[in-house]
**Q** 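What follows is a single structure, and I will ask about it in a moment.
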Amino acid sequence: MTTQTNRMQHGAYNHAYLDEQTKRMIRRAILKAVAIPGYQVPFGSREMPVPYGWGTGGIQVTASIIGQDDVYKCIDQGADDTTNAVSIRRFFARVADVATTERTAEATIIQTRHRIPEAPLKEGQIMVYQVPQPEPLRGLEPRETETRAMHAYEEYGLQYLSLYESVAAFGRIAGGAGYPVLVDERYLMSPSPIPKFDNPKLHQSEALHLFGAGREKRIYAVPPHTDVRSLDFEDYPFDVQSWDEVCALCGCPDSYKDEVILDDEGTRMFVCSDSSHCSDRRDAGHAGPMAGHELDQGSADAANLEDAE
Amino acid sequence: MIGSLALEGVSPGFANPVADSQRVFRRVLDAMSRPGRLIDLDSGIAAASPHLTAASALALTLLDFETPVFVALDADGEAFANWLRFHCGCPITAEPKAAAYALVLADLLPALDQFYAGDPKYPDRATTLIVVCAALEGGAAVRLEGPGIAETRRIAPAGLPEDFWNQVRADRSAFQLGVDIILTAGDQIIALPRSTRIVPEN
Amino acid sequence: MAYVSVKGGERAISNAHQWLDEMRRGDASVPELTVEQIRHQMSLAVDRVMMEGSCYDPELAALAIKQARGDVTEAIFLVRAYRTTLQRFGATEPIKTPEMAVQRRVSAAFKDIPGGQILGPTFDYTHRLLNFDLCDAGPAGVAVKATEPVVEKMPTIASVFAHESLLEQTAAESDDAPEPYDLTREPMAFPAGRDQRLQALARGDEGFLLSLAYASQRGWGSTHPLCGEIRMGDVTVEFTPEELGFPIEIGEIVVTECQMISNFEGSADKPPQFTFGYGLTFGHNERKAMSMAIVDRALRHKEVGENGVHAVQDEEFVLYHSDNVEASGFVQHLKLPHYVDFQAQLQFVRRLCKEWREAREAATPDAGEFAEAAE
């Protein structure tokens, strides 16, 4: 088994895992994505050591941009301590030897699945989104050849028709996450499955937003200071989710909330989905109605709890 | 075929290719994301001709066997093409329309419509044009707006052909088609992606 | 404790990995499988992992099967993720299957063909009775040696037909043909060239292609295929290094090749003739090679002027959904937390529900109460 032993010993993965030619190919795609905001650039997505659907696009984008000076944050559902976020953060700490953080303000690259942090983003920060389905029209038209033509000729009637049908059926525009946007009044774009609550954060953002879809092999971007408009009608304007409850732990009234089921009787609590936002607020002395609850302990304790089970 | 190249006088590339190309790429990305902003590449390379420093760093960062390149430089052209082949392994094309990237001296710039502006379904296939200018400040001023620019931004690169900005205006009118432009001088760049529009002064 | 169980820490992950490792090993009192044993005694699983993993390396494939606890799709994924990190030197010369050192070769089109029918090591004609002798270390099988050597060059079914022009002739690739499409470096594009399609099918999931081929045989696709030829054996792989300029042998691989014949009624430009579909796999896998050939032929419907109304004839449908590493990842990613999206849906449905009740109450004052009571 000498060949095998040799293979095992080499440990010769490049910095940030991808080889330099792959990085160049992805970097070229990213530049084109930035130059044509909202347009999905096809790229030669590589097979990654995590499954498709688990962040392969985001990981390839991050691997192509990350360097020694970066501070990397990775969230899933808004939280730094969700299993897949922990796993991806650990991957980059290992293969890119990069500093990591859970604090939004300290990060230069924030990789995310399904959320944009609550804290306003700054110049110098790059958001990297993991995208399961980059094509906003895919649910309406399964054929790539058709949807590509719709984007080419700006034929978005089908999308508006679908919104109109939803108004007719429900009295409002349906859709809570992955709500389609128009970028710089040209390309229809899926903001990835972020809740529509987060859509306004893309509009005229200070940060650069890069979207990577590994399985579907597409990269797209929203540059800073770019108009991003959530589709709507004059008489049915776009609106975002809100909660009657404040965060049970930090008392935040206007963050996106996770609903936590506490028992079989329907008892529940609402807590900030953005764990960094919540802990920053608690550190600053804010307290919610259930402050001191065992969820109020931080991720290390949460892990210990699970280990003890 | 490396053997057929005249290797004498081929200047070195990046001292640390992995870290250097990452750093330069991030600055190019910054430039593309904030069109019109003057960005120092800090490339750390010693190009054979100092005015080609940024252009060389961009080549090392972005080009390889997958990117046909059109080169139009004056006396440096031949040596530079050799340097490109050696460091990047990219095919050199004499046909602007076939070029994924073009490296051109401002004085020798062909009309922009000579380059590939992309396909309506695949606008990303358009040429990226790297223009070597005399300087990135001190020329005639133009005002820019578009994605990446908060209000408007004013730039004044020097040494571009007289009707350059009219050509850019015409190119921009065909968006999503268009060429993406990176102006360079010394080790600095200004990016003008096709999403950037030229607006009248005041 | 729902909240805690989704939010796991690093220790939870590493503990899960350790548990997985223990499960893989199983009962420690039973001798551990070696990679060599898997390679030599589960060789058809190894062949499949090499093919769908797009990497001809029996040792690696055997290791992947061991690590994946025999889960072939997981093993394919492991091989793919390793393959993607390998340096690429270029494309080899096309392999020459007419020059194959044949171990098995059958044609269903003719009783006898030049070179002969060679049954070879096949499950065909075995009675599928469990062999309880294998419960213990079974007797070593010994192959019967042929009395005469197999002919060196065995013409393919295509060349048998060649002088009669009854089988479509494909133009031979010229020497300076561009490198074939490579899906591992470029995204899928449509309309797909045949090189792109065949690569996708070769990497495609055996089960998916088998079901598509079966459906097309049952009428969900207008092919009426006949197995022109299947051959399996060793072929030489040659590579032309840029600095040498001539091909050198870099190894031998076992492949299975299948040519499926379908008839074609002819058109204004083309006489009535037979058309074919092509299948090729690493190692010995006739089920996959035949399925691939049938699906390839079904996807050629436009070339021969057939109506493409069935799923198997739709290249976007077939090519986008044949990759089991993509499919498995995306189906299983639903295990990842989706509570941000679900919260958005909950809000929406709760609101609709509330409005629905209010509307019912307003219409018939008793109805609302009734609905509440019924819940």
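Labels below follow one simple rule: chain letters A, B, ... track the order of the sequence lines, proteins then strands, and each chain is numbered from 1. This is a predicted model, so every value here is computed, not measured.
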**Q** Restricting to non-hydrogen atoms, name the atom on A:Arg28 and the atom on B:Leu62 that form the minimum distance, rounded to 0.1 Å.
**A** NH1-O, 2.7 Å
**Q** Flag the one option from A:Val222, A:Ile36, A:Asp227, A:Val183 with the top tally of heavy-atom pairs under 4.5 Å to chain B.
**A** A:Ile36
**Q** Do the side chain of B:Arg194 and the main chain of A:Ala35 share a donor and acceptor less than 3.5 angstrom apart?
**A** no
**Q** Does the side chain to side chain contact (heavy atoms under 4.5 Å, CB included) test come out yes or no for A:Arg27 and B:Ser21, once each step is laid out?
**A** CA-CA 10 Å; A:Arg27 286 168 181 168; B:Ser21 58; 3.6 Å; yes
**Q** When you look at CD of B:Glu162, are more than 12 heavy atoms from neighbouring residues, nucleotides or ligands closer to it than 6.0 Å?
**A** no
**Q** Does A:Glu123 reach the side chain of B:Arg34, with side-chain heavy atoms less than 4.5 Å apart?
**A** yes
**Q** Identify the two heavy atoms, one from B:Pro17 and one from A:Glu20, that lie closest to each other, and give their separation to 0.1 Å.
**A** O-OE1, 4.4 Å
**Q** Does any heavy atom of chain B fall under 4.5 Å from the side chain of A:Ser64, the backbone, both, or neither of them?
**A** backbone
**Q** Once you round to the nearest 0.5 Å, how far does CG of B:Asp30 lie from CD1 of A:Ile126?
**A** 8.0 Å
**Q** Run A:Tyr187 and B:Gln176 through side chain to side chain contact (heavy atoms under 4.5 Å, CB included) and show every step you take.
**A** CA-CA 9 Å; A:Tyr187 275 102; B:Gln176 73 267 31; 3.1 Å; yes
**Q** Can you tell me if A:Arg148 has over 12 outside heavy atoms packed within less than 6.0 Å of its CZ?
**A** yes
**Q** Restricting to pairs with a member in residues 115-139 of chain B, which pass side-chain hydrogen bond (donor to acceptor under 3.5 Å, both in side chains), not counting sequence neighbours?
**A** A:Lys32-B:Thr128, A:Tyr39-B:Asp124
**Q** Which one of B:Asp180, B:Val18, B:Ile149 has the most heavy-atom pairs closer than 4.5 Å to chain A?
**A** B:Val18
**Q** Taking every non-hydrogen pair under 4.5 Å, which of A:Leu31, A:Val41, A:Val34, A:Leu208 racks up the most with chain B?
**A** A:Leu31
**Q** Determine the sole option in B:Thr67, B:Asp64, B:Leu63 for which the side-chain contact (heavy atoms from CB on, under 4.5 Å) test with A:Arg24 is passed.
**A** B:Asp64
**Q** What part of B:Ile181 is in contact with chain A, defined as an atom under 4.5 angstrom from a non-hydrogen atom: side chain, backbone, both or neither?
**A** neither
**Q** I need the minimum non-hydrogen distance between A:Pro37 and B:Ser195, along with the two atoms involved.
**A** CD-CB, 3.9 Å
**Q** Counting only heavy atoms from other residues, nucleotides and ligands, does the tally under 6.0 Å from CD of B:Glu78 exceed 12?
**A** no
**Q** Evaluate the side-chain proximity of A:Ile65 to B:Arg26: yes if any heavy-atom separation is below 4.5 Å, no if none is.
**A** yes
**Q** B:Leu192, B:Val28, B:Leu29: which one forms the most heavy-atom pairs within less than 4.5 Å of chain A?
**A** B:Leu29
**Q** So, for A:Thr226 and B:Pro147, which heavy atoms are closest and what is the spacing to 0.1 Å?
**A** OG1-CB, 3.3 Å
**Q** Counting only heavy atoms closer than 4.5 Å, note whether A:Asp70 contacts chain B via side chain, backbone, both or neither.
**A** side chain
**Q** Can you confirm whether B:Asp42 is buried at CG, in the sense that more than 12 heavy atoms of other residues, nucleotides or ligands lie under 6.0 Å from that atom?
**A** yes
**Q** First locate atom CG of A:Leu210, then atom OG of B:Ser33, and finally report the distance between them rounded to the nearest 0.5 Å.
**A** 7.0 Å
**Q** If I measure from the heavy atoms of chain A, does B:Ala19 come under 4.5 Å with its side chain, its backbone, both, or neither?
**A** neither
**Q** With a 4.5 angstrom heavy-atom cut-off, could you sort out which part of A:Ile219 is near chain B: side chain, backbone, both or neither?
**A** neither
**Q** Quick check: closest heavy atoms across B:Pro120 and A:Ala152, and the distance to 0.1 Å?
**A** O-CB, 3.3 Å
**Q** Let's test your reading of the structure: which of B:Ala191, B:Ala126, B:Gly148, B:Gly178 forms the most heavy-atom pairs below 4.5 Å with chain A?
**A** B:Gly148
**Q** Does the side chain of B:Glu66 come under 3.5 Å of the side chain of A:Gln21 through a donor N or O and an acceptor N or O?
**A** yes
**Q** Counting neighbours of CZ on A:Arg138 that are heavy atoms of other residues, nucleotides or ligands and sit closer than 6.0 Å, is the number greater than 12?
**A** yes
**Q** With respect to chain B, which residue among A:His15, A:His151, A:Arg186 yields the maximal number of heavy-atom pairs within a distance under 4.5 Å?
**A** A:Arg186
**Q** Which one, B:Pro193, B:Pro123, B:Ala100, B:Pro35, leads in non-hydrogen pairs under 4.5 Å with chain A?
**A** B:Pro123
